[in-house]
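Reviewing the structure listed below.
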Amino acid sequence: MRAKDFFLKHHVYLYGLICLLANILAVLSSNLSSFPMPDTVPLRQWKAFMDQHGSLINTLSILCYLVPVFLCLAYAMQLRKYRHGEKGYARIMVHMPWAFAVLGISGWLSNFLLEMAALLYFRQTLRQDISFILISSVTSYIFLSIFSFTFIYFTLETLNRNIVLPALFPDGKISEIERTALSSIKRVFLFYFFSSALFPTFYLAIRLFCTKRYHVEIPNYSDFVFTGMLLCIGLVLTFLVSSYFQKPLQKLTDGAREISKGNYDTKTVICSNDEMGVLGDTFNEMTTSLKEKEFMRDTFGKIVTPQVRDYLLNENVSLGGETREVTVMFCDIRGFTTLSENMPPERIVALLNEYFTGLEKCITAHGGVINKYIGDAVMALFGAPVKLAQHADDAFAAALDMRKSLEEMNRGFAAKGFPMLRFGIGIHTGRVLAGNIGAANRIEYTVIGDSVNTASRIEGLCKSYKTDLLISQSTVDALKKQAGFPAIAFVDDAAIRGRTETVKLYTVR
């Protein structure tokens with residue numbers, strides 16, 4: 001079993017061992033933190049009193065140090081009330097560093113109360129001045145309690161944030177748990193200042209005052225050793241506090257880099273219920289929102305063309321439009337109703353999807369936009385919504401590519417057992433009203449006008465003239481006669497239904 005898996009399986013017991021280790025280190029440091037005692041009658045009698053009742057006091061001290069063991073165990077037993085992953089389970093785990101730190105110093109509090117009781121008994125019995133003993137005892141116990149609390153809390157909180165909680169709660173959301181007294185960046189820094197600077201300074205001042213006031217001779221090395229111990233505590237505390245921000249910020253930085261690459265599945269789990277945890281959960285919510293918006297944008301770009309999508313997403317969603325000269329193309333399959341009579345619906349859909357995909361590639365390759373699908377017909381625009389300087393040339397080049405693409409598609413259709421397809425293309429250039437048309441709560445970007453109807457009628461005449469491509473005189477006049485274009489031949493001066501004037505039609509032989 002890997003060390004991490006072992007730790008995760010037994011983390012509660014290991015947290016208890018860390019509490020025990022913190023108290024052991026506090027006991028070892030008590031020799032350095034305790035006040036040097038002057039050689040006075042009251043202190044000699046106090047020492048004799050302690051030696052006389054040593055067995056009782058030692059027994060009571062051991063019992064006092066068992067208090068945090070039972071209290072921490074009782075707190076951990078609450079986990080049995082909940083199933084793994086439930087909010088109650090998460091709350092206990094999130095609060096465990098704080099609870100173990102508070103309960104872990106209960107042994108020092110119990111010992112302090114025991115010593116105060118002994119001091120009061122000593123004072124009443126021997127009528128001696130205990131002021132020095134009282135000051136040194138209170139100050140030392142406060143120091144040792146802060147030492148133990150700091151070691152326990154920041155060690156367990158670091159392990160909790162970086163190992164335990166991310167494994168137990170991979171989705172995070174720990175910031176939703178109610179906060180403890182130190183579940184705040186501001187309070188962490190205030191406590192850091194208090195424990196690493198303010199209290200050591202105050203402790204040294206009290207120590208100096210007592211040594212001067214009671215004429216205590218301090219060994220030359222004592223203050224240096226004690227100051228070194230304080231520096232070590234401050235260094236460890238600085239390392240633990242810095243890890244509060246370094247790792248979460250690194251996770252956020254890595255997540256931001258992934259999002260910039262378009263990876264919206266990125267999740268940054270910061271398992272804490274302070275401001276960093278809120279930031280991590282907000283970051284994940286933003287990522288989810290970006291993923292949903294990208295999905296909607298991508299889906300929207302399939303329902304309408306990407307050009308229309310971008311036009312609408314740029315806040316062009318009000319009803320109305322503008323008059324613009326464009327080239328309109330209609331393309332319709334010949335005899336599709338007869339072809340589809342004996343085909344199952346799923347094969348018809350598969351055939352049309354492949355066919356439309358081939359046409360769409362040709363149209364968009366030349367800047368065109370498929371405005372709508374009308375059954376088996378396609379209406380395409382060149383010059384709206386994106387303006388094109390040579391929209392007639394683009395439409396003509398797209399039609400030529402569509403003819404070649406249909407030949408390739410028909411070879412593929414034959415291999416799949418689909419019928420061969422033929423189409424007719426009609427192209428006309430003219431002025432249209434382009435914009436958002438529809439109701440207030442349902443709009444569609446499209447073009448309307450006589451030029452649209454004319455393009456549709458021209459496409460219908462492909463049947464009469466037995467050709468697959470007809471273009472109007474206005475489109476021919478707009479062509480720049482680019483190199484590579486085939487020769488254009490006149491077909492007829494045709495009457496168009498709905499127009500009083502005839503339209504000259506051309507094709508490519």
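For the single chain, residues carry numbers from 1 onward in sequence order.
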Within this structure, what is the [atom1]-[atom2] distance for the pair [X] and [Y], rounded to the nearest 0.5 Å?
X      : Y      : atom1 : atom2 : value
Phe151 : Leu156 : CZ    : CG    : 9.0 Å
Met77  : Ile92  : CE    : CD1   : 11.5 Å
Ile152 : Met96  : CD1   : CE    : 13.0 Å
Leu359 : Leu352 : CG    : CG    : 10.5 Å
Ile370 : Met329 : CD1   : CE    : 9.5 Å
Phe100 : Cys19  : CZ    : SG    : 6.0 Å

Kindly indicate whether the side chain of [X], heavy atoms from C-beta on, has any atom under 4.5 Å from the side chain of [Y].
X      : Y      : value
Ile259 : Met286 : yes
Ile448 : Val432 : no
Val326 : Val328 : yes
His95  : Ile177 : yes

For Val102, what residues pass the side chain to side chain contact (heavy atoms under 4.5 Å, CB included) criterion, not counting sequence neighbours?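 Here the qualifying residues are Trp98, Phe149.
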Which residues share a side chain to side chain contact (heavy atoms under 4.5 Å, CB included) with Ala397, sequence neighbours left out: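 With sequence neighbours excluded, Ala397 shows a side chain to side chain contact (heavy atoms under 4.5 Å, CB included) to His366, Phe485, given in chain and number order.
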Set out, in order, the CA-CA distance, both residues' side-chain angles and the distance that settles side chain to side chain donor-acceptor pair (under 3.5 Å) for Thr327 and His391, then state yes or no. CA-CA 6 Å; Thr327 298; His391 48 83; 2.7 Å; yes
Got a donor-acceptor contact below 3.5 angstrom from the [X] side chain to the [Y] backbone?
X      : Y      : value
Thr150 : Phe147 : no
Arg324 : Leu433 : no
Ser106 : Leu103 : yes

If you look at every heavy atom in [X] and [Y], which pair is closest and at what distance?
X      : Y      : value
Gly358 : Ser405 : O-OG, 3.9 Å
Ser110 : Val67  : OG-CG2, 4.2 Å
Phe283 : Gly255 : CZ-C, 3.6 Å

Give a yes or no on whether the ring-centroid distance for Tyr89 and Tyr82 is below 6.0 angstrom.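 That pair fails the under 6.0 Å test.
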If the threshold is 4.0 Å, N to carboxylate O, is there a salt bridge linking Asp254 and Arg257?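 Arg257 and Asp254: salt-bridged.
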Side chain to side chain contact (heavy atoms under 4.5 Å, CB included) between Tyr15 and Thr155: does it pass, once the steps are laid out? CA-CA 9 Å; Tyr15 279 12; Thr155 302; over 6 Å; no
Please determine whether the number of non-hydrogen atoms from other residues, nucleotides or ligands lying under 6.0 Å from atom NZ of Lys372 exceeds 12.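 Correct, the count exceeds 12.
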According to salt bridge (Lys or Arg N to Asp or Glu O under 4.0 Å), does anything in residues 18-28 pair up with another residue at least two apart or in another chain? List the pairs.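 Output for this query is empty, none listed.
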Steps toward side chain to side chain contact (heavy atoms under 4.5 Å, CB included) verdict (Asn111, Tyr141): CA-CA 9 Å; Asn111 260 291; Tyr141 275 113; 3.8 Å; yes
Carefully, step by step, assess Phe112 and Val138 under the rule side chain to side chain contact (heavy atoms under 4.5 Å, CB included). CA-CA 8 Å; Phe112 171 73; Val138 170; 3.6 Å; yes
Output, in order, the C-alpha distance, side-chain angles, deciding distance and verdict of side chain to side chain contact (heavy atoms under 4.5 Å, CB included) for Phe382 and Val369. CA-CA 6 Å; Phe382 293 82; Val369 171; over 6 Å; no
